[in-house]
Trainee: 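Sharing a structure here in structure tokens format.
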Amino acid sequence: MVTLAQRLEALRTERGVSRPALSAALGFPKTAMEKFETGRQTPTQDQQRKLADYFGVTLPYLRGESDNPAEGDSWLSGNVPQEEPVRAPAAPAVQRKPRPAAVQEDGAVFGALLKSPSFQALLRSAALEALRSPEGQELLAKAVRRELGRK
């Protein structure tokens, strides 16, 4: 999968434009493109729109969500082309072995994993990283608008 930083660098070099020149042309700070292309900073949604317009590509293509620069559909929007379902051959009947005591229905192993401070920290950092992304910010904004609309 192509990252936003890789896509930006490829588009800029195809155009033969320097980082500072592109930053200046779009009204960004002088070192913005260097930060975007090295992954030290993620462009805001507004900056992403300006970059997509400048290069004449869609936002999903710019973000690396699509390989088609003119196609607006992405897996995030749920606009995935429908295909006929593929039917798997029937699996032969398998005789199941009894579960070990540690993996019984009470979820003891999973419960222990959830209580682990290192797992909680890993889960927390993954969730925060997802929420800090442009897509996560958009989802949060929708949720807030929905909740405010209920009151």
Side-chain angles (χ1 to χ4, degrees), residues 1-86 88 99-151:
M1 178 179 226
V2 176
T3 66
L4 174 77
Q6 292 168 330
R7 186 77 77 189
L8 284 173
E9 184 176 16
L11 289 167
R12 182 186 56 77
T13 54
E14 283 176 16
R15 285 271 176 108
V17 180
S18 69
R19 288 174 175 170
L22 180 56
S23 291
L26 295 173
F28 298 164
K30 184 178 173 183
T31 59
M33 287 309 301
E34 178 186 354
K35 290 178 182 177
F36 298 159
E37 288 182 14
T38 58
R40 289 186 292 152
Q41 185 177 346
T42 302
T44 64
Q45 284 188 358
D46 185 49
Q47 290 171 327
Q48 288 178 27
R49 282 188 201 96
K50 286 181 181 179
L51 287 160
D53 290 344
Y54 178 85
F55 291 117
V57 298
T58 62
L59 283 171
Y61 179 79
L62 183 71
R63 293 179 187 141
E65 298 165 6
S66 168
D67 290 329
N68 185 342
E71 186 176 280
D73 291 345
S74 82
W75 61 272
L76 287 174
S77 65
N79 296 330
V80 179
Q82 297 296 319
E83 297 178 3
E84 297 222 8
V86 177
R99 289 183 170 190
V103 190
Q104 292 299 321
E105 296 299 322
D106 65 359
V109 170
F110 189 64
L113 179 64
L114 289 176
K115 292 177 185 174
S116 162
S118 61
F119 181 75
Q120 290 174 354
L122 178 67
L123 191 58
R124 184 179 300 111
S125 70
L128 288 173
E129 183 178 335
L131 291 173
R132 286 185 184 119
S133 72
E135 293 83 8
Q137 292 293 306
E138 190 175 322
L139 287 173
L140 285 173
K142 284 180 185 177
V144 168
R145 283 192 299 269
R146 188 175 341 124
E147 287 301 313
L148 291 175
R150 289 183 187 179
K151 294 182 178 183

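Worth knowing before you read on, the calculation uses all heavy atoms, side chains too, and leaves out hydrogens, waters and symmetry mates.
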Trainee: Can you check whether F28's main-chain N or O pairs, donor with acceptor, with S23's side chain at less than 3.5 Å?
Mentor: no
Trainee: Any idea which heavy atoms bring A5 and G39 closest together, and the distance?
Mentor: CB-N, 4.2 Å
Trainee: Only counting residues at least two apart or in another chain, list the ones meeting salt bridge (charged side-chain N to carboxylate O under 4.0 Å, His left out) with E9.
Mentor: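 Counting only residues at least two positions away or on another chain, E9 forms no salt bridge (charged side-chain N to carboxylate O under 4.0 Å, His left out).
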Trainee: Could you tabulate the donor-acceptor pairs under 3.5 Å formed by side-chain atoms of residues 126-133, not counting sequence neighbours?
Mentor:
from: S133; atom 1: OG; to: A130; atom 2: O; distance (Å): 2.7
from: S133; atom 1: OG; to: G136; atom 2: N; distance (Å): 3.0

Trainee: Taking only residues at least two apart or on different chains, which pairs with a member in residues 52-62 satisfy salt bridge (charged side-chain N to carboxylate O under 4.0 Å, His left out)?
Mentor: none
Trainee: Which atom pair, heavy atoms only, marks the closest approach of F55 to L8?
Mentor: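 Nearest pair, atom of F55 first, then L8: CE1-CD2, 4.4 Å.
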Trainee: With rounding to the nearest 0.5 angstrom, report the CD to CD distance, Q41 to Q47.
Mentor: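 The CD atom of Q47 is 6.5 Å from CD of Q41, to the nearest 0.5 Å.
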Trainee: Let me confirm one number: the CG-CZ distance from L51 to R7, rounded to the nearest 0.5 Å.
Mentor: 13.0 Å
Trainee: Just grab all the salt bridge (charged side-chain N to carboxylate O under 4.0 Å, His left out) pairs involving residues 10-20, residues at least two apart or on different chains.
Mentor: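 As it turns out, the salt bridge (charged side-chain N to carboxylate O under 4.0 Å, His left out) pairs with a partner in residues 10-20, which skip direct neighbours, are R12-E37, R19-E37.
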Trainee: In chain order, what residues pass the side chain to side chain donor-acceptor pair (under 3.5 Å) check against T42, with sequence neighbours excluded?
Mentor: none
Trainee: Can you name the residues that form a side-chain contact (heavy atoms from CB on, under 4.5 Å) with Q45, not counting sequence neighbours?
Mentor: R49, P134, E138
Trainee: To the nearest 0.5 Å, tell me how far K50 NZ sits from L26 CG.
Mentor: 7.5 Å
Trainee: For A21, enumerate each residue passing the side-chain contact (heavy atoms from CB on, under 4.5 Å) test, keeping only those at least two apart in sequence or located in another chain.
Mentor: V17, S18
Trainee: Using salt bridge (charged side-chain N to carboxylate O under 4.0 Å, His left out) as the criterion, list what pairs up with K30, not counting sequence neighbours.
Mentor: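 Checked K30 against salt bridge (charged side-chain N to carboxylate O under 4.0 Å, His left out); zero matches.
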Trainee: Salt bridge (charged side-chain N to carboxylate O under 4.0 Å, His left out): which pairs involve residues 118-127, sequence neighbours left out?
Mentor: none
Trainee: List the residues meeting side chain to side chain donor-acceptor pair (under 3.5 Å) with T3, not counting sequence neighbours, and say none if there are none.
Mentor: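 If we apply the side chain to side chain donor-acceptor pair (under 3.5 Å) test to T3, skipping adjacent residues, the hits are Q6.
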Trainee: With sequence neighbours left out, what residues match P69 under side-chain contact (heavy atoms from CB on, under 4.5 Å)?
Mentor: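 Checked P69 against side-chain contact (heavy atoms from CB on, under 4.5 Å); matches are V57, Y61.
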Trainee: With sequence neighbours excluded, tell me which residues meet side chain to side chain donor-acceptor pair (under 3.5 Å) with S118.
Mentor: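 Testing S118 for side chain to side chain donor-acceptor pair (under 3.5 Å), a comparison that skips the adjacent residues, returns S116.
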Trainee: To the nearest 0.5 Å, how far apart are CG in L62 and OH in Y54?
Mentor: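 If we round to the nearest 0.5 Å, L62:CG and Y54:OH are 13.5 Å apart.
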